[in-house]
Amino acid sequence: MIVTHQELAAAVRKARDEAKSILNQLQTQRHPDTTRSSSLYLALVTMQKRLLASDPPPPPITSFVAELEQLARDCEGKLAAIKPLLEDAVRLARSQ
């Protein structure tokens with residue numbers, strides 16, 4: 001199976017959108033996990049931009065596996081809903 005950068009970026013976008021939703025909820029509640037949620041959201045935004053970059057071109061898809069795995073491991077507590085989305089992205093990247 002050939003996975004394109006756009007396909008992986010779409011999987012990352014799903015996780016990013018969920019992270020943004022959770023971040024908004026936590027900010028409203030002034031929850032202590034707001035900082036962790038914000039960091040996760042920003043990491044996903046940055047990754048998506050790297051995946052879709054044209055100049056310079058993005059690195060190979062498999063180079064994103066370790067970062068995605070680490071982000072998935074960090075999804076605990078209020079961020080647990082994002083973990084399955086990141087695990088899906090990891091599987092997609094590994095299938096390359």
Side-chain angles (χ1 to χ4, degrees):
M1 174 181 184
I2 302 268
V3 176
T4 66
H5 286 81
Q6 288 80 14
E7 290 169 320
L8 184 57
V12 169
R13 185 187 71 243
K14 288 178 187 177
R16 183 207 67 195
D17 290 348
E18 183 66 23
K20 179 64 174 174
S21 175
I22 292 171
L23 175 59
N24 288 338
Q25 292 169 9
L26 295 177
Q27 285 176 326
T28 301
Q29 300 167 2
R30 294 188 174 148
H31 195 280
D33 282 345
T34 301
T35 301
R36 281 189 332 127
S37 179
S38 178
S39 295
L40 175 61
Y41 172 71
L42 292 175
L44 292 169
V45 167
T46 301
M47 182 181 292
Q48 186 180 22
K49 286 182 180 181
R50 286 181 14 229
L51 281 162
L52 297 174
S54 58
D55 188 28
I61 289 175
T62 54
S63 68
F64 291 93
V65 171
E67 187 176 356
L68 286 165
E69 289 174 332
Q70 181 60 51
L71 292 174
R73 281 192 296 274
D74 292 343
C75 290
E76 299 173 343
K78 297 283 186 178
L79 302 176
I82 302 167
K83 188 172 189 167
L85 298 171
L86 290 171
E87 290 170 341
D88 288 346
V90 168
R91 281 189 289 280
L92 187 62
R94 280 189 178 153
S95 71
Q96 180 58 36

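In what follows, residues are counted from 1 in the order of the sequence shown.
Closest non-hydrogen pair, Pro59 versus His5, comes out as O-NE2, 2.8 Å. In terms of heavy-atom proximity, Leu71 sits nearest to Met47 at CD1-CE, 4.0 Å.
With sequence neighbours excluded, no residue forms a salt bridge (Lys or Arg N to Asp or Glu O under 4.0 Å) with Asp17. Checked against salt bridge (Lys or Arg N to Asp or Glu O under 4.0 Å), Glu67 has the following partners two or more places apart in sequence or in another chain: Arg50. Applying the salt bridge (Lys or Arg N to Asp or Glu O under 4.0 Å) test to Arg36 and every residue at least two apart in sequence or in another chain returns Asp33.
When the side chains of ILVMFWY residues are joined at heavy-atom separations under 4.5 Å, either directly or via intervening members, Val65 and Leu51 end up in a single hydrophobic cluster.
Under a 4.5 Å side-chain heavy-atom cut-off, the cluster of Ile, Leu, Val, Met, Phe, Trp and Tyr residues that includes Val45 is completed by Leu23, Tyr41, Leu42.
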**Asked** Should Leu40 and Asp74 be marked as a side chain to side chain contact (heavy atoms under 4.5 Å, CB included) after you check the CA-CA gap, both sets of side-chain angles, and the distance that decides it?
**Response** CA-CA 8 Å; Leu40 175 61; Asp74 292 343; 6.0 Å; no

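Within a 6.0 Å radius of CZ in Arg73, other residues, nucleotides and ligands contribute more than 12 heavy atoms.
At least one side-chain heavy atom of Leu68 sits less than 4.5 Å from a side-chain heavy atom of Val12.
Sorted pairs that involve residues 19-29 and meet side chain to side chain donor-acceptor pair (under 3.5 Å), not counting sequence neighbours, are lacking altogether.
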When the side chains of residues 79-92 are checked against the rest of the protein, which donor-acceptor pairs come out under 3.5 Å, sequence neighbours left out?
| unit_1 | atom_1 | unit_2 | atom_2 | d |
| --- | --- | --- | --- | --- |
| Asp88 | OD1 | Arg91 | NH2 | 2.3 |

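Of the inter-residue distances, the one linking Ser37 atom OG with Leu26 atom CG reads 5.0 Å to the nearest 0.5 angstrom.
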